[in-house]
Amino acid sequence: MRVIIVRHGEPDYENDCLTPRGHEQAKAVARRLQKEGIEKVYASSMGRAQETASYTAQLLRIQTVETLDFMRELDWGSTDGTPLFANGHPWHVSDELVRKGQNLLDPCWKDTPFFRTNKVTAAVERVAANTDSWLEEFGYRREGQYYRDVRCELSDNQQRTIALFCHGGSSSAMIAHILNLTFPYVCAVMHADFTAITVLKFDSTQNKLCIPTVEIACDARHIKQE
């Protein structure tokens with residue numbers, strides 16, 4: 001199975017919708033994805049992701065954009081009033097960790113002062129837990145750090161492709177969980193432009209443990225060429 005993760009187009013954050021430029025970016029990514037064999041289109045519950053997804057669904061004549069509320073953008077900020085660096089903004093925090101020479105791959109990152117009382121930690125955990133439930137709907141069951149293909153209805157050589165339109169933060173949390181990376185590390189190394197595409201491909205051999213391969217990451221050539 002291939003999971004195509006797409007960040008929303010340029011947003012009007014105040015009104016949770018796309019700007020005129022964002023609509024053009026959404027049209028461009030739809031054209032880019034037209035021949036990817038996408039069967040289903042998913043989007044977070046937020047307006048800017050729904051609007052971006054609608055162009056791909058319309059072009060592919062997919063009647064319904066299915067909503068994944070757990071992929072809404074992450075909240076950050078102090079949970080108890082304790083001041084946080086950059087108010088806990090995960091990208092700023094990750095950059096600060098780099099400047100301090102700290103290990104972004106520290107498995108105990110949630111216990112550091114940057115994240116211990118940061119709302120984003122619970123939001124990342126929400127994405128991780130729901131990601132596994134969602135992937136199991138397609139026959140990929142999490143076992144430890146990997147996924148087992150437990151499908152019964154598909155033969156080994158059949159491959160599905162689905163598209164998920166969401167946000168920089170929630171997609172970073174999902175990718176970090178699936179690939180067994182830390183959230184701060186993914187925030188630091190994957191800066192997705194608007195409508196940037198990341199593709200994860202899961203092994204299609206039944207009853208085999210696998211970790212997905214990354215076909216492309218943060219690819220926004222479709223808007224850079226417009």
Side-chain angles (χ1 to χ4, degrees), residues 1-76 89-91 120 123-124 126-128 130-131 134-135 137-138 160-178 183 186-187 189-201 212 214-226:
M1 181 176 75
R2 297 168 70 238
V3 180
I4 301 176
I5 302 171
V6 187
R7 190 186 178 194
H8 58 76
E10 182 182 79
D12 172 345
Y13 284 115
E14 184 177 353
N15 295 301
D16 188 25
C17 61
L18 296 180
T19 65
R21 184 181 180 189
H23 282 282
E24 293 305 311
Q25 292 169 341
K27 293 174 185 177
V29 78
R31 293 191 293 270
R32 169 79 181 275
L33 297 175
Q34 188 173 8
K35 296 182 181 180
E36 291 292 334
I38 294 169
E39 294 181 16
K40 289 188 175 184
V41 174
Y42 293 83
S44 96
S45 53
M46 303 189 81
R48 54 193 184 268
Q50 290 279 331
E51 287 187 2
T52 306
S54 69
Y55 287 98
T56 296
Q58 290 170 14
L59 188 61
L60 298 179
R61 298 183 180 179
I62 293 174
Q63 297 298 315
T64 303
V65 174
E66 301 190 39
T67 298
L68 296 180
D69 185 60
F70 74 87
M71 287 303 293
R72 65 188 182 275
E73 184 55 300
L74 309 182
D75 294 324
W76 57 80
H89 190 295
W91 293 275
V120 79
V124 169
R126 175 199 79 216
V127 170
N130 285 281
T131 291
W134 181 57
L135 289 174
E137 293 178 14
F138 299 99
R160 306 182 70 174
T161 298
I162 58 178
L164 168 60
F165 294 78
C166 51
H167 311 267
S170 57
S171 63
S172 294
M174 173 178 275
I175 291 166
H177 177 66
I178 291 174
F183 175 66
V186 174
C187 286
V189 302
M190 294 185 67
H191 291 189
D193 203 343
F194 296 123
T195 67
I197 297 167
T198 297
V199 181
L200 303 180
K201 182 178 180 181
V214 181
E215 288 190 354
I216 56 175
C218 300
D219 188 352
R221 285 173 290 178
H222 50 279
I223 61 171
K224 298 183 187 305
Q225 294 171 354
E226 289 291 310

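- Closest non-hydrogen pair, M174 versus V127, comes out as N-CG1, 3.6 Å.
- By the ring-ring contact (aromatic ring centres under 6.0 Å, His included) test, H167 pairs with H8, sequence neighbours left out.
- With contacts defined as side-chain heavy-atom distances shorter than 4.5 Å, the pair W134/L164 qualifies.
- Side-chain atoms of D12 never come within 3.5 Å of backbone atoms of T19 as a donor-acceptor pair (strictly under, hydrogens ignored).
- Legend: residues meeting side-chain hydrogen bond (donor to acceptor under 3.5 Å, both in side chains) with T195, ordered by chain and number and at least two apart, are H222.
- A donor-acceptor distance shorter than 3.5 angstrom exists from the side chain of D16 to the backbone of G47, with no hydrogens or angles considered.
- The shortest non-hydrogen separation linking P11 to R48 is CB-CD, 3.6 Å.
- Taken to the nearest 0.5 Å, the NE2 atom of H191 stands 8.5 Å off from the OG atom of S172.
- Nearest heavy-atom pair across S170 and C166 is OG-CB, 3.7 Å.
- When all heavy atoms of T161 and G37 are compared, the closest pair comes out as CB-O, 3.6 Å.
- Looking at T198 and S171, their side chains never come closer than 4.5 Å, going by heavy atoms from C-beta outward.
- Of all the heavy atoms in A49 and F165, the pair that sits closest is CB-O, 3.6 Å.
- L33 places a side-chain heavy atom less than 4.5 Å from the side chain of V6.
- For the side-chain contact (heavy atoms from CB on, under 4.5 Å) test, residues two or more places apart in sequence or in another chain that qualify with V189 are Y185.
- Looking at every heavy atom in both residues, A163 comes nearest to I38 through CB-CD1, 3.9 Å.
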Practice item. Before giving the answer on side-chain contact (heavy atoms from CB on, under 4.5 Å), spell out for I162 and F138 the whole-Å C-alpha distance, their side-chain angles and the decisive distance to 0.1 Å. Key: CA-CA 10 Å; I162 58 178; F138 299 99; 3.6 Å; yes
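- For D219, the side-chain hydrogen bond (donor to acceptor under 3.5 Å, both in side chains) test picks out R32, R221, with sequence neighbours left out.
- Not a single donor-acceptor pair under 3.5 Å links the side chain of S45 to the backbone N or O of R72.
- M46 CE to T67 OG1: the interatomic distance, rounded to the nearest 0.5 Å, is 12.5 Å.
- The side-chain contact (heavy atoms from CB on, under 4.5 Å) test applied to R7 returns Y13, A192, F194, not counting sequence neighbours.
- Residues that satisfy the side-chain hydrogen bond (donor to acceptor under 3.5 Å, both in side chains) test with E39, not counting sequence neighbours, are R160.
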**Study point:** Test side-chain contact (heavy atoms from CB on, under 4.5 Å) applied to Q25 and L18, step by step
**Key:** CA-CA 9 Å; Q25 292 169 341; L18 296 180; over 6 Å; no
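- Under the salt bridge (Lys or Arg N to Asp or Glu O under 4.0 Å) criterion, E73 pairs with no residue at all, not counting sequence neighbours.
- Contacts classified as salt bridge (Lys or Arg N to Asp or Glu O under 4.0 Å) and involving residues 162-173 (residues at least two apart or in different chains) are not found.
- Taking E36 as the reference, R2 meet the side-chain hydrogen bond (donor to acceptor under 3.5 Å, both in side chains) condition, with sequence neighbours excluded.
- Using a 4.5 Å heavy-atom cutoff, the side chains of R126 and L74 are in contact.
- Once rounded to the nearest 0.5 Å, the distance linking OG1 of T131 with CG of L68 reads 9.0 Å.
- Residues V214 and L200 are in side-chain contact: their nearest non-hydrogen atoms beyond the backbone lie under 4.5 Å apart.
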**Study point:** Derivation and outcome, side-chain contact (heavy atoms from CB on, under 4.5 Å), residues I223 and V29
**Key:** CA-CA 8 Å; I223 61 171; V29 78; over 6 Å; no
Can you give the donor-acceptor pairs under 3.5 Å from side chains of residues 53-66 to other protein atoms, not counting sequence neighbours?
residue	atom	partner	partner atom	Å
S54	OG	E51	O	2.6
Y55	OH	H23	ND1	2.7

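- In this structure, D75 has no salt bridge (Lys or Arg N to Asp or Glu O under 4.0 Å) partners at least two apart in sequence or on a different chain.
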